[in-house]
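Inspection log for the structure reproduced underneath, given as structure tokens.
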Amino acid sequence: MPDTRSLAPQFDPAAVETAVYQRWVDAGVFAPDDDADAEPYVIVIPPPNVTDRLHMGHGLNNTIQDLLIRFERMRGRKALWLPGTDHAGIATQNVVERLIAKEGKRRQDLGRDAFVERVWTYVHETGGTILEQLKAIGSSCDWGRTRFTLDETYSRAVRHVFVALYRDGLIYRGYRVIHWCPRCHTALSDEEAEFRDTEGKLYHVRYRIAGDAAEQKAGSTAEETAEETAGAAGGAEGAEGAARQGGSGADASAVPPFRRSAEWLTVATTRPETMFGDVAVVHHPEDERYAGLAGTMVEIPLSGVRIPVATSSVVERDFGTGLLKVTPAHDANDFEIARMIDPDGEMPGIMTADATMADVARVPADLRGLDRFEARRRIVEQLEAQGLLEKVEPHPHSIRHCYRCGTVVEPRLSDQWFVRMQPLADPALAAYRAGELTFVPERWGAVYEHWLTEIRDWNISRQLWWGHRIPAWYCDVEGCGHITVAETAPSTCERCGGAVRQDEDVLDTWFSSWLWPFATFGWPDATEDLARYYPGHTLVTAPDIIFFWVARMVMGGYHFLGKRPFDTVFLTGIVRDTQHRKMSKSLGNGIDPLEVVRGYGADALRYTVLTGAAIGTDVLLDPADLETSFAAGRNFANKLWNVGRFILTNLAPGTPDLSAVDPQTFELADRWILSRCQATIAETTVALERYRLNEAVGALYHFVWDELADWYVEQVKPRLYGDVPGGDVAPAVLAHVFGTVLRLLHPAMPFVTEELWGALPGTHEPVLAGARWPQADDGLRDEEADARFALVQDLVGAVRNIRAEYGVAPGRTVRTFVRPATLDTAEGCNAEQRTIERLARIETLTQGHAPSGVGAHAVLRDGSAVFVPLGDAIDVARECARLRDEVARIETQLAAVVRTLENERFLAKAPADVVARERAKESSWREQRATLAEKLRVLGC
RNA sequence: GGGCGAAUAGCUCAGCGGUUCAGAGCGCCUGCCUUACACGCAGGAUGUCGGGGGUUCGAAUCCCUCUUCGCCCA
């Protein structure tokens, strides 16, 4: 703890933060008293990826959580902030794969067990990093309850859920087209395959009509056509040959563009490389352009494979040519169409897991092994050479990319595990509609609702090694084929007793994350913690994981525990740079929060993100200019520090508690600051309760700087220095007000407040983090003092303004005359004469009529006249101009008020208090105008 | 294609139908090292609140529309 007498003139965050944090840990304030008879308040942290390093997103998010948990802790609730990390399947596996790649190895070289072991080693070495970094920004998590999504107990919950859902028929194995990342080599959920706008092309490709009609027209036979395409498949030379032969059937170059000829149909596609997997060409049944074509066979260009023309009502007639090629193994929509046309039809795959062209009969030999995009380029060349490419149009569209590595996703037909979501979504939707779940800001509720309404089944299997292995075992016995799903590994098939082998895949990371609000408390066991701390209260997270995480936690909470996991979802903004780009590692536009902590202090970081985080707005920071972003917070912490330094060094050891001071001995300024202090308590508390965090911090900033420091501390100096009597009262008031400020500011800026708290004399809780939140004392609210002191401030301001305007040297004092228009000004001047004189550098403040002579004039808001005789310093013309400007300003205001008050309908319809306020304004403006008019007359303007 | 958000001072943004409501911080200008703080003090300048229309006694605030930018979903 700091020595009261030796506080440094500048707050040095680096010198105190570690020790302050240790003080909290030693005091044990982060762990709730489990047995306390208090209402719990629970936040579960959005577990950062175990390999993550702290970035500003974490900085924002965790500052908000810490502020909320500290606030409720001080309000006496049993506050638990549960920390932990997520194993982050793909992300972590990718990190370690990159590591071993530096050794020239792939995970396959190590084998599954060795690779997973390697990941564990990595996690054990570096996994605690982000949690340590959270401490640097002051996070008051209950570290004793830290969880990891791959902990044994947590894994048990994951298996339990899988088995339970499987037995309820809510998990099933399905053969579907899923999103496949050819780089990560795994399936992805819909949410993990992000749309990105892309400048694509729409290729209009001619599919030759096979059969009699074409033969008559083209004078060729089906056999010949097949030979042609066989030649085309023979490589570059073959392609040229095919091009030449194309001319033998019809002069391609002479044919005008058309949708349909007797010889071919033109199909528009964005992905020509998939055409070898086509099983049909379809058009809308009512599309007259293609009437009567159904059943006709056409040939896939370059391969010559024959496929039928069919109809489907899902085809958009206006898109492309109205003809759609159906590639069931490489497009989810096409898969559905193909199943409708022919449920038993073949669904040929023509690409490998790497998204290269497969070595299969349907793919022309010269294209096999090529990357899909290279294949597309070659195919387009060949089509063009053969006159089969009618045209190419630019086609901007959105295509899906892997959310982890950015690779274009390849739709792929495969066996995967799915969760049937509708039955889980219904209660989550109903609960939201019943008001059991509140989103802040509210609009995100609509996003949540829309997603749940349109929910689709969730692909949860991932072809990775790092994660929860799927607890399903396949029986290899001929004719059995049973799948045993169990929490613990079976030794044999539960049906036939045969040998079993476990599914190779792991579960989607989010399949464990969605259990976070209760699996962290030991569920499915009925633990004491679960009873105490579930359901939780506030979830703080970014809106981009509403689907991934938030909605699924709600579904899981209701399904498995019958209760919501939290009552409020607070969605933060996103941290962006000045070009509004999301801060990210890849863009290199990030700000390292630890660098900010080093340079400006954790409190400054917190101050900046809190003031920048008005509800629902993104936080914009300039990575190139930390000073602009963080100086304000640093300066404010330093201001508070210096107010503290002033107060603490001036408090006598025997400073009485405020309650021991006779209120009769309060001066006007004491009454005023105590009154303002109560208002600030109320304002801050309400703002925090409403999640208006920036307003809470703003109110405190204003109170500390503009009221306490600028006015009260200045007012009190003569009393503290013993120049005037009343030396006991002021310290008591200062101690009370400053102690209150430290409490109020603690959730936002815990370090500087705690450090100052340690130096605060008197009896109080030993650790501020464990201190109680102030209660506003309405007995100290004092409207009269508010009004009178406001006029004192007004008067000082008026004189300062005059001094500056006329360039009065700072050291020179002036005489000032004030003619009070109201009792408030008269009493304010009586009570605070010395303060006014000192702060405005007035030699003597005299009440009454101004003497004759040349001087500067001003008018206070209540119409009180102020006169500062300045003799030669005054340029009368300039003074006249100054006053006329002032009159003009007042006239404008007055005119507006008069207009309002002359409006009959306003008087009839507006509430009485509003009308009264307008009348008060009117009289105020009139007073001021009258005063100024007189001044102008006196000056002879 | 559907939805959401934003547009206010040079910059970043608050502003919740009615407080002297057109604001804060930063930046800028002037003057001050006044024994808590130069990370400070005092004073000052800067705006068609994106355009247009409407509702209302009253609109930066609510509604409609247009423009520009951003995000989400399909």
Side-chain angles (χ1 to χ4, degrees), chain A residues 7-11 190-191 194-195 316 397-398 400 441 443-444 446-447 450-451 454 543-544 546-547 573-574 576 578-582 600-601 604 607-608 611-622 625 627-650 687 690 692 694-695 698 701-702 705-706 709-710 713-714 717 720-721 794 796-797 799-805 807-811 838-841 861 889-890 893 896-897 899-911 913-915 917-918 920-921 924-925 928:
Chain A
L7 296 179
Q10 276 192 359
F11 175 55
D190 293 342
E191 291 69 32
E194 297 178 332
F195 283 102
E316 283 181 51
H397 60 141
S398 277
R400 294 196 187 247
R443 61 187 153 87
W444 291 113
V447 174
H450 180 253
W451 186 74
E454 306 279 312
D544 51 3
I546 289 178
F547 309 143
I574 290 170
R576 300 179 183 280
T578 49
Q579 293 171 58
H580 297 212
R581 298 178 306 180
K582 195 170 168 175
Y600 296 86
Y607 174 87
T608 296
T611 51
I615 286 180
T617 61
D618 291 341
V619 179
L620 273 76
L621 300 170
D622 187 351
D625 185 2
E627 189 68 13
T628 293
S629 296
F630 299 102
R634 176 199 59 196
N635 296 354
F636 182 44
N638 190 54
K639 187 71 182 179
L640 187 72
W641 178 258
N642 273 288
V643 170
R645 202 157 73 97
F646 169 80
I647 292 175
L648 298 173
T649 53
N650 283 294
R690 298 178 64 197
R692 296 180 174 268
N694 62 323
E695 290 180 20
Y701 182 96
H702 172 69
W705 205 309
D706 302 338
D710 285 354
V713 163
E714 292 304 328
K717 280 177 179 172
L720 289 189
Y721 296 155
D794 208 10
V796 171
V799 178
R800 282 172 171 171
N801 176 301
I802 286 168
R803 295 179 60 107
E805 196 82 22
V808 178
R838 217 167 55 79
L839 297 187
R841 304 225 168 206
R861 68 182 69 184
R889 188 181 66 85
I890 288 167
Q893 301 288 337
V897 178
R899 219 179 303 125
T900 304
L901 286 169
E902 282 174 349
N903 186 334
E904 296 290 339
R905 286 176 302 180
F906 171 74
L907 297 176
K909 293 193 178 182
D913 60 319
V914 173
V915 175
R917 264 206 297 276
E918 290 300 311
K921 269 197 246 176
S924 166
W925 294 127
Q928 293 180 54

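Proteins come first, then strands; the chains are lettered A, B, ... in the order of their sequence lines, and each starts at number 1. Keep in mind that the numbers below use all heavy atoms, side chains included, and drop hydrogens, waters and symmetry copies.
Ring geometry for Phe636(A) against Trp705(A) counts as parallel: the plane angle stays under 30°, on a 0 to 90° scale with 60° as the upper cut.
No option in Ile647(A), Asn650(A), Val713(A), Thr649(A) other than Asn650(A) meets the side chain to side chain contact (heavy atoms under 4.5 Å, CB included) test with Leu720(A).
Taking the P atom of each, G5(B) and G31(B) are spaced 49 Å apart, rounded to whole Å. Rounded to whole Å, the P atom of C4(B) lies 11 Å from the corresponding atom of U65(B). Spacing of P atoms, G43(B) relative to C63(B), comes out at 40 Å, to the nearest Å. The separation of U68(B) from G51(B), taken at their C1' atoms, amounts to 11 Å, rounded to a whole angstrom. Taking atom C1' in both A59(B) and G18(B), the straight-line distance is 10 Å, to the nearest Å. Taking the C1' atom of each, G17(B) and G58(B) are spaced 8 Å apart, rounded to whole Å. Taking the P atom of each, G27(B) and U12(B) are spaced 15 Å apart, rounded to whole Å. When the C1' atom is used for both A9(B) and C21(B), the distance is 15 Å, rounded to whole Å.
Across all strands, Gln928(A) comes closer than 4.0 Å to base atoms (heavy-atom distances). If you check every strand for non-hydrogen atoms under 4.0 Å, Ala631(A) touches nothing. Residue Trp451(A) is out of contact with every strand shown, counting any heavy-atom pair closer than 4.0 Å. Residue contacts shown for Arg861(A) include a base, since a base heavy atom lies under 4.0 Å away. Looking at heavy-atom distances under 4.0 Å, Phe547(A) makes contact with sugar-phosphate atoms alone, never a base. Using a 4.0 Å heavy-atom criterion, one finds that Pro911(A) contacts the bases of the nucleic acid, with or without backbone contacts as well.
Pairing for G58(B) is absent, with no Watson-Crick or G-U wobble pair whose two atom distances lie under 3.5 Å. Pairing for G23(B) goes to C13(B), judged as Watson-Crick or G-U wobble with the two contacts each under 3.5 Å. If you check G1(B) for Watson-Crick or wobble pairing at under 3.5 angstrom, you find it paired to C73(B). The partner of U67(B) is A7(B), judged by Watson-Crick or G-U wobble contacts that both fall below 3.5 Å. Across all strands shown, G43(B) pairs with C29(B); the Watson-Crick or G-U wobble distances both stay below 3.5 Å.
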Trace of the side chain to side chain contact (heavy atoms under 4.5 Å, CB included) decision for Phe547(A) with Val447(A): CA-CA 9 Å; Phe547(A) 309 143; Val447(A) 174; 3.5 Å; yes
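Taking atom OH of Tyr701(A) as the reference point, atom C1' of G23(B) lies 14 Å away to the nearest angstrom. We find that CZ of Phe636(A) is positioned 19 Å from C1' of A38(B), with the value rounded to whole Å. Arg889(A) places its CZ atom 11 Å from the P atom of C21(B), with the value rounded to the nearest Å. Rounding to whole angstrom units, CG of residue Leu839(A) and P of A42(B) are separated by 9 Å. Atom CD in Glu627(A) sits roughly 18 Å away from atom P in U12(B) (whole-Å rounding). For the pair Glu454(A) CD and G3(B) C1', the interatomic distance rounds to 12 Å; values are reported in whole Å. The distance between atom CD of Gln893(A) and atom P of A22(B), rounded to the nearest whole Å, is 5 Å. When rounded to the nearest whole Å, the span between CZ of Arg443(A) and P of G3(B) equals 17 Å.
Geometrically, Lys639(A) does not engage Phe11(A) in a cation-pi contact, judged by NZ or CZ lying under 6.0 Å from the ring centre and within 45° of the ring axis.
Glu714(A) has a carboxylate O that lies under 4.0 Å from a charged side-chain N of Lys717(A), or vice versa, which qualifies the two as a salt bridge.
With hydrogens and angles disregarded, a donor-acceptor distance shorter than 3.5 Å links the side chain of Tyr600(A) to the backbone of Glu627(A). Put simply, the side chain of Arg645(A) never gets that close to the backbone of Leu640(A): no donor and acceptor are under 3.5 Å apart. Between the side chain of Asn642(A) and the backbone N or O of Gln10(A) there is no donor-acceptor pair closer than 3.5 Å. Using modelled atom types, no side-chain atom of Thr608(A) and backbone atom of Gly633(A) make a donor-acceptor pair closer than 3.5 Å. At least one donor-acceptor pair under 3.5 Å links the side chain of Arg800(A) to the backbone N or O of Leu839(A). The backbone N or O of Arg634(A) sits nowhere less than 3.5 Å from a side-chain atom of Asn638(A) that would complete a donor-acceptor pair.
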How does each nucleotide of nucleotides 27-37 of chain B score, in 5' to 3' order, for protein heavy atoms under 4.0 Å: base (B), sugar-phosphate only (S), or none (-)? -------B-BB
Going 5' to 3' through nucleotides 43-49 of chain B and flagging B where a protein heavy-atom sits under 4.0 Å of the base, S where only the sugar-phosphate is that close, and - otherwise, we get SS-----
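A donor and an acceptor atom never sit less than 3.5 Å apart when one is taken from the side chain of Ser629(A) and the other from the base of U12(B).
Closest-nucleotide positions on RNA chain B for Val914(A) and Phe906(A) were compared, and the one nearer the 5' end corresponds to Val914(A).
By the salt bridge (charged side-chain N to carboxylate O under 4.0 Å, His left out) test, Arg861(A) pairs with Asp794(A), sequence neighbours left out.
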